[in-house]
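In the text below, chain A, chain B and the rest are named by the order of the sequence lines, each starting its count at 1. Hydrogens, waters and symmetry mates are skipped; everything else that's a heavy atom, side chains included, is used.
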Protein chains: 2
Amino acid sequence: MPTLTAAQRREQARAAYNAYLATCPARQLLDRISGKWVSLLLNALADGPRRYSDLSRTVAGISQKMLTQTLRDLERDGLVSRTVTPSVPVRVDYALTPLGATLLPVVQAIKDWAETHIEEVMRARDDYDARHSAPTEHRA
Amino acid sequence: MPTLTAAQRREQARAAYNAYLATCPARQLLDRISGKWVSLLLNALADGPRRYSDLSRTVAGISQKMLTQTLRDLERDGLVSRTVTPSVPVRVDYALTPLGATLLPVVQAIKDWAETHIEEVMRARDDYDARHSAPTEHRA
DNA sequence: CAGCATCCAGGGGGATACTG
DNA sequence: CAGTATCCCCCTGGATGCTG
């Protein structure tokens, strides 16, 4: 009885996994895409393929090691494709796969949220610090 | 009366920060909310306030240390509120703040994406491993 | 240019014990 | 119940040097 719509099949797949469970594969995947560099790299690929050195410049502060390692992980997970052009010197382009493109809106939303709400968060921090440090005297 | 709409002010705030820059406060915030436990904890608070022990059970595998630490960070950043009821024994409830509620849809989308696409990702991994290991002969 | 290999410090994070 | 305090391991991830 394979009379399921694509949406129904997706729902079935989702219901079979639970990221709250430590041993569930979905939890590992969540950890992976929650990585420090993943959202920035995927965001950097939003407008099309990019070269290694290009990514290195765009995502400021990332080391070569982490750039390579994260790109490898993303490639292995099918989120990013790697294309080598055997010129001299070599040219390597990274691009989002169709699967990676489905994750893009989400990581864009995160980056966007951070940039949009950082000021509110900084105010909240000042407030918290003011109320929790300097507990001298009877404060209000 | 402001000469800018709320949307315009949000856009202006966003444009002032750039998460690609290593030293930008937005980058630090992005790192923070990209933490291993943040998305799971915020998701767990989606349906209303929850007690400490309740969260501990829901987010399987989290240690007391990380649970407390992450909740403190979220509280300091203004994403989560902490309410102590001085009964015996003490009762502590955590809940999303209005600011935290604005982040909820995003972290829900991530968790959902992981649960929905894990099977595709696992297939991609098998595929990658098959093509990159045992390159001695074709097929095994 | 686009990596890989190696070394190494720091801190993330688990386990355990104790407290109000 | 809801934490705090301590020990300590290991893995992340930066720095450096080398290669096709």
Side-chain angles (χ1 to χ4, degrees), chain A residues 20-23 27-41 44-45 49-77 80-95 128 132-133 135, chain B residues 20-23 27-41 44-45 49-77 80-95 128 132-133 135:
Chain A
Y20 284 134
L21 304 178
T23 56
R27 170 69 152 281
Q28 261 87 60
L29 179 56
L30 182 57
D31 290 347
R32 170 70 57 88
I33 61 182
S34 294
K36 190 177 178 180
W37 303 109
V38 172
S39 61
L40 286 172
L41 277 177
L45 293 174
R50 290 251 198 153
R51 303 182 58 172
Y52 182 89
S53 52
D54 193 4
L55 290 171
S56 178
R57 258 173 276 112
T58 299
V59 181
I62 192 172
S63 64
Q64 291 172 356
K65 177 178 176 179
M66 290 316 296
L67 179 55
T68 300
Q69 183 176 303
T70 307
L71 286 171
R72 283 290 176 283
D73 288 342
L74 292 174
E75 188 195 358
R76 191 172 102 98
D77 288 352
V80 157
S81 67
R82 178 173 181 270
T83 308
V84 181
T85 305
S87 52
V88 178
V90 186
R91 175 198 175 105
V92 179
D93 286 279
Y94 291 91
Y128 181 95
H132 286 76
S133 67
Chain B
Y20 285 133
L21 304 178
T23 55
R27 169 69 151 286
Q28 261 87 60
L29 180 56
L30 183 57
D31 290 348
R32 169 71 58 88
I33 61 182
S34 294
K36 190 177 180 181
W37 303 108
V38 172
S39 62
L40 287 172
L41 278 177
L45 294 174
R50 291 253 196 150
R51 304 181 57 172
Y52 182 89
S53 52
D54 192 6
L55 290 171
S56 177
R57 259 174 274 109
T58 298
V59 181
I62 193 172
S63 65
Q64 293 166 0
K65 177 178 175 179
M66 289 318 295
L67 178 54
T68 300
Q69 183 175 302
T70 307
L71 286 171
R72 283 291 176 286
D73 288 342
L74 292 174
E75 189 195 357
R76 192 171 103 97
D77 287 354
V80 157
S81 67
R82 179 173 180 270
T83 309
V84 181
T85 306
S87 53
V88 178
V90 186
R91 176 198 176 104
V92 179
D93 285 278
Y94 291 91
Y128 182 94
H132 287 76
S133 68

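Counting to the nearest Å, the C1' atom of D:dC11 and the CZ atom of A:Arg32 are 14 Å from each other. In this structure, B:Lys36 places its NZ atom 18 Å from P of C:dG11, rounding to the nearest Å. Between the CG atom of B:Asp31 and the P atom of C:dG10 there is a distance of 20 Å, given to the nearest Å. Across the protein-nucleic acid pair, B:Tyr52 atom OH and D:dC1 atom P stand 11 Å apart, rounded to whole Å. Per the geometry, CG belonging to B:Asp93 stands 10 Å off P belonging to D:dG3, to the nearest Å. D:dG13 atom P lies 17 Å from atom CZ of A:Arg72, rounded to whole Å. Taking atom CH2 of B:Trp37 as the reference point, atom C1' of C:dG11 lies 17 Å away to the nearest angstrom.
Although no hydrogens or angles enter the test, the distance criterion places a donor-acceptor pair under 3.5 Å between the side chain of A:Ser87 and the main chain of A:Pro89. The closest donor-acceptor contact from the side chain of B:Arg27 to the backbone of A:Ala60 lies under 3.5 Å. Judged by distance alone, the side chain of A:Thr70 and the main-chain N or O of A:Met66 form a donor-acceptor pair under 3.5 Å. Side chain of A:Arg51 to main chain of A:Asp93: no donor-acceptor pair is present (N/O by atom type, distance under 3.5 Å, no hydrogens or angles). Judged by distance alone, the side chain of B:Arg91 and the main-chain N or O of B:Thr85 form no donor-acceptor pair under 3.5 Å.
For the OP1/OP2 pair of D:dC1 and a distance below 4.0 Å, the side-chain nitrogens and oxygens of B:Arg51 include no atom meeting the criterion. Residue A:Ser53 has no polar side-chain atom (N or O) positioned under 4.0 Å from OP1 or OP2 of C:dC1. When the side-chain nitrogen and oxygen atoms of A:Arg82 are compared with OP1 and OP2 of C:dG3, one or more of them lie within a distance under 4.0 Å. For C:dG3, neither phosphate oxygen OP1 nor OP2 lies less than 4.0 angstrom from any side-chain nitrogen or oxygen of A:Thr68.
Contact check of residues 54-67 of chain B against DNA chain C (heavy atom, cut-off under 4.0 Å) returns B:Ser63, B:Gln64, B:Lys65, B:Met66.
For B:Pro89, the listed nucleotide lying nearest its side chain is D:dC1; candidates were D:dC1, C:dC4, D:dG13.
A residue-by-residue look at B:Gln69 and A:Leu71 shows that A:Leu71 has its nearest nucleotide of DNA chain C further toward the 5' end.
The CG atom of A:Leu41 sits 6.0 Å away from the CG atom of A:Leu67 when rounded to the nearest 0.5 Å.
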| query | What do the steps show when you test A:Arg32 against A:Asp77 for salt bridge (Lys or Arg N to Asp or Glu O under 4.0 Å), and what is the final call? | reply | CA-CA 10 Å; A:Arg32 170 70 57 88; A:Asp77 288 352; 2.8 Å; yes
